[in-house]
Amino acid sequence: MEIDGAQSSADPDPLPFARSYQLEALEAAIKKNTIVFLETGSGKTLIAIMLLRSCAYLLRKPSPFIAVFLVPKVVLVKQQAEAVKMHTDLKVGMYWGDMGVDFWDADMWKQQLEQYEVLVMTPAILLSNLRHSFFKLSMIKVLIFDECHHARGNHDYACIMKDFFHRELHSGESELPRIFGMTASPIKSKGGNSESSYWKIIDELETLMNSKVYTCASESVLAEFIPHSTTKFKYYRHEEIPCGLVANIITQLNALKEKHELSLESLDLSQSTSQSIINKMKKLYSALTFCLEELGVWLALKAAWFFSQKENELFSWGKLDVLGENIVRNFSSEAYQAFASFLPSDRKWAIANDVTYDLDKGLLTSKVVCLIQLLHEYRGLKDLRCIVFVERVITAVVIESLFSTFFPKLNDWKTKYIAGNNSAVQFQTRKRQNEIVEEFRKGMVNIIVATSILEEGLDVQSCNLVIRFDPSSTVSSFIQSKGRARMQNSDYVLMLKSGDSSTHSRVQNYLASGAIMRKESLRHSSLPCTPLEIDLQDDDFYRVESTGASLSLASSIGLVYFYCSRLPSDGYFKPAPRWDKETCTLHLPKSCPIPDVHVKGDVKILKQLACFEACKELHKIGALTDNLVPDIVEEEGTQELGSEPYDDAQCSYVPIELVKPFCSNDPSILYHCYLIELNQNFEYDIPVHNIVLGMRCELDCDIANTHFDLEVGRGSLTVNFKYVGGIHLNSEQVLLCRRFQITIFRILIDHNLNKLGKVLDGLCSGGNVGIDYLLLPGTRIHQEAVIIDWRCVTSVLFASEEYSKDHVNCSTHNGCSRLVHTKQGLVCTCMIQNSLVCTPHNGTIYCITGLLSNLNGNSLLKLRDGRALTYKKYYEEKHKINMYFDRQLLLKGRRIFQVQNYLQRCRQQKEKESSHTSVELPPEFCSIIMSPISISSVYSYSFVPSIMHQLEALLIAANLKRIVLDHCTQNVIIPTIKALGDSFLKYAASQQLFKTYQNNHEGLLSLKKEKIISNAALCRLGCDHKLPGFIRNESFDPKEWFIPGDYSGSYLLYEELLYDGRKIYTRERRKVKSKSVADVVEALIGAFLSTGGEVAAIYFMNWVGIKVDFVHIPCERHFQLQPEKLVNVGHLESLLNYSFRDPSLLVEALTHGSYMLPEIPGCYQRLEFLGDAVLDYLITIYLYNEYPGMSPGILTDMRSASVNNDCYARSAIKAELYKHILHASHKLHKDIVYTIENFERLSTESTFGWESETSFPKVLGDVVESLAGAIYVDSGYDKKIVFQSISPLLQPLITPETLKLHPVRELNEHCQKMHYDMKKPVKTSHNGVAAITIEVEANGFMYTDTSTASNKKTALKLACKKVLRSLKETTQLARNS
């Protein structure tokens, strides 16, 4: 078998510092599958790296091939990956269990395969990926097994080879990976009694690995490069601890254990909890007695102290709660006191100061004393680096404590321990272990007391002394621990008990094993690998043809447990399969879609067989996918609708009615005219005039006759639109109109002339696509023929001399001169009395309303400082300008009006009616801009931007309406009713999923629902249908309003096609949050629902991409039971005022997942899922119809206060539904009893509100929802019946008068209103208790509260409630004082 099918294609790529034997091994590995058998420290990893370098050309992307580097321990993943990165340019990925790879799907692994070329991982990950067919062996070019001697029995290494490599090899598959194994000992067991027995074990490894062992011919080859340690024996004479002492202490420990076990009987604990506590104490008792007998009283004392400390988590507490942990720790603490009573009372005494005394008194055993004396022998060794190997974790812990107490006094040696992880121990982090090894390398730590984790694993090079405190259990353990002594002149010391001939003989065999294994490997090196027997027709092997995913008896148990772990759970029940040996039945959780599995056959494999059959059945119904992963895992991994990055820069649509391409060649352009009637609902000295809107196209009838109010500071202004006919304008007239409206709007918006000249210079009748409509002054008397005040329109042309010649014969008023001197020269008084002027000395623009008959330049002006100056003198001093025509009458002027947003109610200050309302202006300082134009016209035009913005919004809504309703007969108006839409969306989606996926459990249904109703999903649907352009989420700013006909700025429009192919125009992009898009989709659903009913809402949802219907699909029921025997059907039907056609639905609705009796095949979770949505919608629609004038905000608040688990739980308690819940959870029983007792102390007048200061068990609220779901299904999806049945339980329902804000929201709003600084809540959690701290800084004082509860929501509610109360009390006190 050659890499890529040809030997010549993979050339050796050695590193320049490679040794001769490494090159030989590389050559062998390129030719055939190879196991490199070399000592620790000989550079086996380097050979693997050179093999990868030789095959790199096959792996570099975009190649579909990879190399996989397997390591037996997580701690080795990073170590080996870093080595590959250092010596190759290949892209390396690292994987281990804690990364959550168990929950990755095919797409996630596909991304990894596309990104990386070498994948370093633990074997369980590769095995899982092969079983799920995420990986195929044919894509792996090189498969490296580190510490390959583990390939035995059911180890993951062995399963990879047996279940996949050899199966494909026997089936004739040629594209198999090159196998490369590494080991310091091909034998993991205790070895053999003869050379042939050694060879038998090596041959088994070669056969399984389909590889030949490569090793050096003799140790002398390695000796040139690797220092060898000297093996020494240290014997100790075993001396028993005084029998009376041991018996006395064990008696006390037994008494303590029995005492604490008896104390459990007085506590209200479940049997499983009590048994867990007892089992934990037994483990600690066993550990303490071991330490006592094997290590001595003092080290047993240290063990007891260690177990009693809260910061130490040596033993995993498993399922123990806070109470259980405390009981076990108290046992350890009292055991510590018992051991302490046997220590010498002399204050001068210290451990190991006199080891003979300590040995005699049983404080230390002879084995421990021997270890101390052994280390004393090396006290002269400079820079000691010693590893002491022990068997048990607790031994490592207490010996480190002994060394840390004793050695610093003599040698200044620093000691640490390193302990690995196993099923009973949960201890040091990998980061901490690496830190200790690094400190050891640097000399900061001199002695490491370690378990087998340092035999293979962490790379420890700088070691000059290895001590085996406990003997090695296998050949590989012996060889690997010996290989840790890698410095020159290092020692490997074996501690042996005198007279223990059995252990001594075993160690001698270990010493000789290296040479024997090398000899046998070399002697059989020319023989081919023995074929591994594989039955390809094995009935106990299941393969999915479509994907290649596979299942074996061995893997089936893990898969069943994994599937059950992904089923819905709560705080009272964790779903798991249960095997009944007596009946040979595998009991599955209620939420599992298949019934219990009963099997017959070989007793030894019955459980495996049952799990195997369960997996096949789960795959058959789709609960396991074709990759044999739980459906929910694949659902979670499926790319969510809307999961792609959202671009919040969205374009803004301009209605097509406002846009037309300009064409200068048209001799006449038709404009449809709409009179904008303005009616003042307030008193003001300036009246308003009507405006004429000229459109290039005719508006829809409902838009053309629209009306609305503007919020003016003095009151309201009613705006009415009215169609008054069409008018044809030539290009010159159009240009004149544009010039007029650009001038008036630029003046109103800018309050200066800075931009006006440039804009008017570029004015033309043609051009690009743009906003094109006319806003012209209307005549006071509207005749059919003339509605436009053309005289006012031509006011924009005043500057030309020809325009003023016609006014030389105007009559005078009160004998005043008809001509006045202005900046432009002589002007008739009739033209300046109604004009817009600018005073160049200060750049201000004024409306001129007349002449002041009693004031001229010589009149006195009273100043604010009390002085009086003539107007002539004032202008000289203030503005440094001279008045030459001081006898001319002054003009009465008024500052130009402010253009505001009149569409929203705002706090506008009334203009002060004072002397500053009008000003006196010398005519010679004024430059006329427009004339004649009345102040009423200018005032009226200040409202136009708000009017046109509202019209644009209506046109945008009409465009959207036309798109959606193109094929709908409903006449739907679109208001914004988000809460109603949100509720209907949830209801429609839930019922659709419930009836469509009848085998899906609640967790899967919830996940599917979330993918439909989540903000991300709704946003994506909205974007797909181009809804963001219709959104008007920003507050209207008149200064940013597009002046029609003004194309001087960034006012370019772009043509775009909508979802249905209709044309629309877009302008500049602005930010629209994804949630805003989602909210609009929900609001549109609510709008269609409120005006067109459920049919219209369903129509819109299907249009936007949410496929739902209300077609009734009967539910398949698999319940064969007698409901009357399980629940009180008659009483419950009376309570619910409903008679069930199928009473088994009632049983299902009341069955909790913990109730594992086989006669009830399901629990309430699916019905709860459905009922939650049904109740939410029913209550929301009730509130909406009951209070039609309610604002969306109040509706949302009432809905939130009514539709929550606490409300439902209160109803369940009042109706005593808790008495009918079928469950088998001791904790749930306790919590319900506590809740009932607490509830009786609370007010029961309402089922809503936020006043409860305790959290209710979620199960109580769940059953109300599940009963609603059961009635909904049983009644044939009749919502009215559900509401009639459930609403009496929820009475009294909330009203606007009884609505109370949630404390969290109320505090937030109070702080915003009062401008208080509310800090971010500080959340902590310890032993299942949540604590929330709320801080508010108000008026220089800090208001703080920390509240605790069983969950964070309740704790947050309580903390906010208390801080809010304090703030209000302080405010009240301040008012009273």
Side-chain angles (χ1 to χ4, degrees), residues 1 3-4 32-35 64-72 95 101-102 104 106 109-110 112-113 118-181 204-211 529-559 562 608 612 615-616 619 624-629:
M1 206 183 324
I3 297 178
D4 205 29
K32 60 186 178 183
N33 294 343
T34 301
I35 297 171
F65 301 115
I66 58 169
V68 176
F69 198 135
L70 299 178
V71 294
Y95 309 91
V101 293
D102 289 344
W104 288 8
W109 280 112
K110 183 180 178 182
Q112 305 302 307
L113 295 173
V118 179
L119 282 66
V120 185
M121 61 181 66
T122 51
I125 297 173
L126 177 61
L127 180 59
S128 175
N129 283 344
L130 290 171
R131 284 172 173 166
H132 297 310
S133 199
F134 298 154
F135 283 17
K136 297 186 184 299
L137 280 181
S138 58
M139 68 173 61
I140 304 174
K141 282 298 177 185
V142 181
L143 182 53
I144 299 170
F145 292 81
D146 192 10
E147 312 290 0
C148 67
H149 52 268
H150 289 292
R152 308 278 182 186
N154 289 322
H155 189 276
D156 293 336
Y157 278 175
C159 291
I160 290 169
M161 296 303 296
K162 285 188 296 185
D163 292 349
F164 295 96
F165 186 93
H166 283 285
R167 279 186 174 274
E168 295 197 18
L169 183 63
H170 278 255
S171 65
E173 174 63 54
S174 60
E175 295 296 323
L176 291 174
R178 167 68 71 240
I179 302 297
F180 182 79
E204 289 173 358
L205 179 64
E206 286 189 344
T207 299
L208 183 62
M209 297 294 294
N210 192 245
S211 306
C529 293
T530 306
L532 185 69
E533 295 183 5
I534 292 289
D535 182 4
L536 295 179
Q537 305 301 319
D538 189 355
D539 292 336
D540 296 335
F541 192 85
Y542 179 72
R543 190 174 186 273
V544 181
E545 291 302 322
S546 62
T547 62
S550 60
L551 176 74
S552 65
L553 280 179
S555 64
S556 61
I557 294 179
L559 185 54
F562 181 50
Q608 289 179 320
F612 187 75
C615 289
K616 290 198 294 184
H619 175 245
L624 288 176
T625 69
D626 283 348
N627 287 109
L628 295 181
V629 296

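It should be emphasised that the depicted structure is a prediction, and the values quoted were computed from it without experimental measurement.
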S.K.: What distance do Ile144 atom CD1 and Ile179 atom CD1 have between them, rounded to the nearest 0.5 Å?
M.R.: 10.0 Å
S.K.: If every non-hydrogen atom of Glu206 is compared with every non-hydrogen atom of Cys529, which pair is closest and at what distance?
M.R.: O-SG, 4.0 Å
S.K.: Could you please spell out the steps behind the side chain to side chain contact (heavy atoms under 4.5 Å, CB included) verdict for Leu119 and Leu113?
M.R.: CA-CA 8 Å; Leu119 282 66; Leu113 295 173; 4.1 Å; yes
S.K.: List for me each residue that meets ring pair (Phe, Tyr, Trp, His ring centres under 6.0 Å) alongside Phe135, sequence neighbours excluded, and say none if there are none.
M.R.: Trp109
S.K.: So, Ser556 side chain and Gln608 main chain: donor-acceptor pair closer than 3.5 Å or not?
M.R.: yes
S.K.: For Pro177 versus Leu143, what's the shortest heavy-atom pair and its separation?
M.R.: CB-CB, 4.0 Å
S.K.: Nearest 0.5 Å, please: how far is CG in Leu130 from OG in Ser555?
M.R.: 11.5 Å
S.K.: Under the side chain to side chain contact (heavy atoms under 4.5 Å, CB included) criterion, do Lys136 and Glu175 qualify, and how do the steps go?
M.R.: CA-CA 10 Å; Lys136 297 186 184 299; Glu175 295 296 323; over 6 Å; no
S.K.: Is there a donor-acceptor pair closer than 3.5 Å between any side-chain N or O of Ser133 and the backbone N or O of Thr547?
M.R.: yes
S.K.: Is any side-chain heavy atom of Leu559 closer than 4.5 Å to one of Leu624?
M.R.: yes
S.K.: Is any side-chain heavy atom of Pro123 closer than 4.5 Å to a side-chain heavy atom of Phe145?
M.R.: no
S.K.: Taking the side chain as C-beta and beyond, is there a heavy-atom pair between His149 and Met209 under 4.5 Å?
M.R.: no
S.K.: Do Cys148 and Phe180 touch side chain to side chain, with heavy atoms closer than 4.5 Å?
M.R.: no
S.K.: To check you understand the geometry: which heavy-atom pair defines the closest contact between Ser138 and Phe65, and what is its length?
M.R.: O-CE2, 3.6 Å
S.K.: Take Arg152 and Leu205, measure what side chain to side chain contact (heavy atoms under 4.5 Å, CB included) needs, and give me the verdict at the end.
M.R.: CA-CA 8 Å; Arg152 308 278 182 186; Leu205 179 64; 3.9 Å; yes
S.K.: Given 3.5 Å as the limit, does a donor-acceptor pair link the side chain of His166 with the main chain of Leu208, or not?
M.R.: yes
S.K.: Contact between Arg178 and Lys141 at the side-chain level, heavy atoms closer than 4.5 Å - yes or no?
M.R.: no
S.K.: When rounded to the nearest 0.5 angstrom, what is the spacing between CG in Leu70 and CD1 in Ile160?
M.R.: 5.0 Å
S.K.: Considering only heavy atoms from C-beta outward, does the side chain of Val101 approach that of Phe134 to under 4.5 Å?
M.R.: no
S.K.: For the OG1 atom of Thr625 and the NE2 atom of His619, what is their distance to the nearest 0.5 Å?
M.R.: 7.0 Å
S.K.: Got a second to check how far Phe541's CZ is from Phe612's CZ, nearest 0.5 Å?
M.R.: 8.5 Å
S.K.: To the nearest 0.5 angstrom, please state how far the CE atom of Met121 sits from the OG atom of Ser128.
M.R.: 10.5 Å
S.K.: Would you indicate whether the side-chain heavy atoms of Glu545 and Asp626 approach each other to under 4.5 Å?
M.R.: no
S.K.: Could you check Leu126 against Ile140 for side chain to side chain contact (heavy atoms under 4.5 Å, CB included), going step by step and ending with a plain yes or no?
M.R.: CA-CA 11 Å; Leu126 177 61; Ile140 304 174; 4.1 Å; yes
S.K.: Does the side chain of Leu176 reach to within under 4.5 Å of the side chain of Asn210, using non-hydrogen atoms?
M.R.: no
